[in-house]
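The sequence lines fix the lettering, A, B, ..., with proteins before strands; numbering per chain opens at 1. These numbers come from a predicted model, not from an experiment.
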Number of protein chains: 2
Amino acid sequence: MPELDAPNIRQLELFKEMDGTHFDALMRASYVQNFPPQLELISEGDPSDFLHVVVSGCVELFSSWNGRESTLAVIRPVSTFILAASIRNGPYLMSARTLEKSRIILIPSQDVQAVFDKDPKFARAIVEELAQVCRNATKHTKDLKLRTALERLANYLLTQQKQAGNGSNFSIPIEKRHLASLLGMTPENLSRALKKLRAYGVLVDGQIIAISKQEELERLAKPNRLIDDASL
Amino acid sequence: MPELDAPNIRQLELFKEMDGTHFDALMRASYVQNFPPQLELISEGDPSDFLHVVVSGCVELFSSWNGRESTLAVIRPVSTFILAASIRNGPYLMSARTLEKSRIILIPSQDVQAVFDKDPKFARAIVEELAQVCRNATKHTKDLKLRTALERLANYLLTQQKQAGNGSNFSIPIEKRHLASLLGMTPENLSRALKKLRAYGVLVDGQIIAISKQEELERLAKPNRLIDDASL
DNA sequence: CGTCCTTTTGAACATTGTCAAACACTGTGG
DNA sequence: CCACAGTGTTTGACAATGTTCAAAAGGACG
């Protein structure tokens, strides 16, 4: 694989502390590919041969059942996905497609597992990463089960605002229909929910959000670190 | 800790392959306790000091927000819980309470982590277990986002039936209000959903379920291994 | 400019939740 | 053994929430 990408990947928590030789071996075994938007990278049910790393662009993880489809996560650079499947050697539980032109690194699962056994620092990093994935999944479930759609949206906006540096203006990084699906609602419902939030000082112009009454929105959203804090 | 419990625990995938000396050390460092029903073992937000193993009885994992509460899982013997929190040393994201009189082993997180670094087989087992927890969480989310309450219930019944040996009669192992919460609905809604399933050959008498038209129920439920199969 | 897709809006509908009351089950104490 | 309290379950009427379908409006892009 091109050496250009390696430094970015090395910065990931997952690869930061591991032995340099092992890291190089992993990178040599990997493939880099550039994908156009809207390309289905993996399909749920397929065997999991690679750990994926998004270097640039954007990937949607989604799942389908009985003609319905739901977005489970949106992965932005630089992060990995489907770690759990590649460790278990089980079939993918989600599908993945690019949302934008994306550069993705494919690390063969068997190489990941081989290095896991040789490199304690890497093993430690893998287990921490996986634990984090688990915890994020728990938080997503809590969000879904304990909150209404309006509350989920309000909290999503506050989380995005925080990530964007706590200014009153920021922009939503994905299309609204994907956001709707991520939050577990229909696009129509999202559109109406955004309108309802006007009463709480949320102004919407396309992808741009302006929050004018911070306290009111927070009083509605009641953000909670055990659901909304990405670092926990 | 009493040697009586150790053999049971040793049978768990998590401890099966590890070095005997390390296992003994873990067991010596652990505490065993018997708890009465309805006792809150841990509260979300608390620091995670122990990995828990349910040896007998039954534990409910749940979470609260803004006066609402939801059951996230019900743990039966012999299994562990809150592995992810104890690896990350982060605060618990869920609370836990006994549903029945329960016997629980508490293994200090720091001992788990110490053995993780020393014992590659244990490290491997931990990472596989965690990956499984992740995958179960993904399946739960798919169940919630892709299915209606009635469909979730129908699939739950089919899953329970399978676990009970595929007979037409079996019994629900938890109270209906907990089942309702687990499936993301109110007790009232569960009660009505069970009634609707009469049209698909489901007869209910207290905790006992009888399925008379297997094919009809399956046609409604459309079970899918990537959501319902516990072994994937 | 026209086409395609997303977003918004409206109205009807379906699903789910809330509240109140009745009912059923369990275990306790008289 | 029975009355009773306490809890879980069911039922009914109603409210809130969310979905569907159809159509219009807005944007992106060739």
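- The aromatic rings of A/His52 and A/Phe81 sit tilted relative to each other, their planes meeting at an angle between 30° and 60°.
- Put simply, the side chain of B/Ile209 does not reach to within 4.5 Å of the side chain of B/Gln160, judged on heavy atoms.
- Residues of residues 138-150 of chain B having a heavy atom closer than 4.0 Å to DNA chain C, listed by number: B/Thr148, B/Ala149.
- One N or O on the side chain of A/Lys145 and one on the backbone of B/Ser181 form a donor-acceptor pair closer than 3.5 Å.
- Of the possible polar contacts, one joining the A/Thr98 side chain to the A/Pro36 backbone as a donor-acceptor pair under 3.5 Å is found.
- Panel note: side chain B/Lys162, backbone B/Leu157; no donor-acceptor pair is recorded below 3.5 Å.
- The backbone N or O of B/Val204 sits nowhere less than 3.5 Å from a side-chain atom of B/Arg198 that would complete a donor-acceptor pair.
- Looking at residues 183-193 of chain A, you'll see A/Glu188, A/Ser191, A/Arg192 sit with a heavy atom under 4.0 Å from some atom of DNA chain C.
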List the steps and the verdict of salt bridge (Lys or Arg N to Asp or Glu O under 4.0 Å) for A/Glu216 and A/Lys222.
CA-CA 10 Å; A/Glu216 287 216 35; A/Lys222 296 182 181 60; over 6 Å; no
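- Of the N and O atoms on the side chains of A/Thr71 and A/Glu60, at least one donor lies less than 3.5 Å from an acceptor on the other residue.
- Residue A/Leu203 contributes atom CG, which lies 13 Å from atom P of C/dT8 at whole-angstrom precision.
- In terms of modelled atom types and a separation under 3.5 Å, the side chain of A/Lys142 and the main chain of A/Leu226 share a donor-acceptor contact.
- Considering only residues two or more places apart in sequence or on other chains, B/Glu218 meets the side chain to side chain contact (heavy atoms under 4.5 Å, CB included) condition with B/Leu158, B/Gln214.
- Distance CD (B/Glu151) to C1' (C/dT15): 12 Å, rounded to an integer number of Å.
- Of all heavy-atom pairs between A/Ala154 and A/Leu220, the closest is CB-CD2, 4.1 Å.
- Where the helix from C/dC1-D/dG30 to C/dG30-D/dC1 starts and where it ends, the local axes point in directions that differ by 30°; five pairs per end, rounded to 10°.
- Nucleotide C/dA24 holds its C1' atom 13 Å from the CD atom of B/Gln207, rounded to whole Å.
- Under the 3.5 Å distance criterion, the side-chain polar atoms of A/Ser86 are left unmatched by any main-chain donor or acceptor of A/Leu51.
- Nearest approach of B/Ala131 to A/Arg88, heavy atoms of both residues: CB-CG, 3.6 Å.
- For the 3.5 Å distance criterion, the side chains of B/Ser63 and B/Glu44 qualify, holding a donor opposite an acceptor.
- A heavy atom closer than 4.0 Å to some atom of DNA chain D occurs in B/Glu175, B/Lys176, B/Arg177, these being the qualifying members of residues 170-177 of chain B.
- From the 5' end on, the contacts that DNA chain D makes with chain A at under 4.0 Å to a non-hydrogen atom open and close at D/dG18 to D/dC21.
- A/Arg103 forms no cation-pi arrangement with A/Phe35, by the criterion of a distance under 6.0 Å to the ring centre and an angle within 45° of the ring axis.
- As a whole-Å value, the separation of A/Leu153 CG from C/dT7 P is 14 Å.
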